Trainee: 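First the structure, which I've put down as structure tokens, then a few questions once you've had a look.
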Amino acid sequence: MNKKRLLLIVLIMITGLLLASCSGSSFQTTSWPGLTLHEGDIYVAYQSHIYKLNPEFGTEMTRFPGEADNGGPIFYSDPVFTEDGNIIAGSYNNSLLSIDTSNF
């Protein structure tokens, strides 16, 4: 193969990769559920909510936020408890949220 053909093939491959990445299709970010045990309760961060589950039955006890907000956070990390009992969770909008568990 001569150098011109090799260069043409490489340029076509790079152009194809660039065009494929600019498809313009929207997608929803997803993640694995983050799971944390705290004082006998199970907390799961998944999509747009942090759930508090009953450890015996696995049923939902409560969630934060109460209703999904389309512009709200999408959680991607395990909820972490601070010394004062607050929950800290990371979201895809590049922020850390601190949630007061006294109202949870």
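All values derive from a computational prediction rather than experimental measurement.
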Trainee: Quick one: salt bridge (charged side-chain N to carboxylate O under 4.0 Å, His left out) pairs with a partner in residues 37-49, sequence neighbours left out?
Mentor: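 For residues 37-49: D41-K52.
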
Trainee: Grab the two heavy atoms, one from G40 and one from P55, that are nearest each other, plus how far apart they are.
Mentor: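 The answer is O-CG, 2.9 Å.
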
Trainee: Using the side chain to side chain contact (heavy atoms under 4.5 Å, CB included) definition, which of the options V44, T62, L97, I87 pairs with I50?
Mentor: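 Looking at V44, T62, L97, I87, the match for I50 under the side chain to side chain contact (heavy atoms under 4.5 Å, CB included) is I87.
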
Trainee: Run the side chain to side chain contact (heavy atoms under 4.5 Å, CB included) test against I12 and tell me which residues pass, sequence neighbours left out.
Mentor: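 Side chain to side chain contact (heavy atoms under 4.5 Å, CB included) check on I12 returns L8.
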
Trainee: Which of parallel (below 30°), tilted (30 to 60°) and perpendicular (above 60°) describes Y43 and F81?
Mentor: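 Perpendicular.
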
Trainee: Could you check if a side-chain atom of L53 sits within less than 4.5 angstrom of a side-chain atom of E60, using non-hydrogen atoms only?
Mentor: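 Yes - at least one pair of side-chain heavy atoms lies under 4.5 Å apart.
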
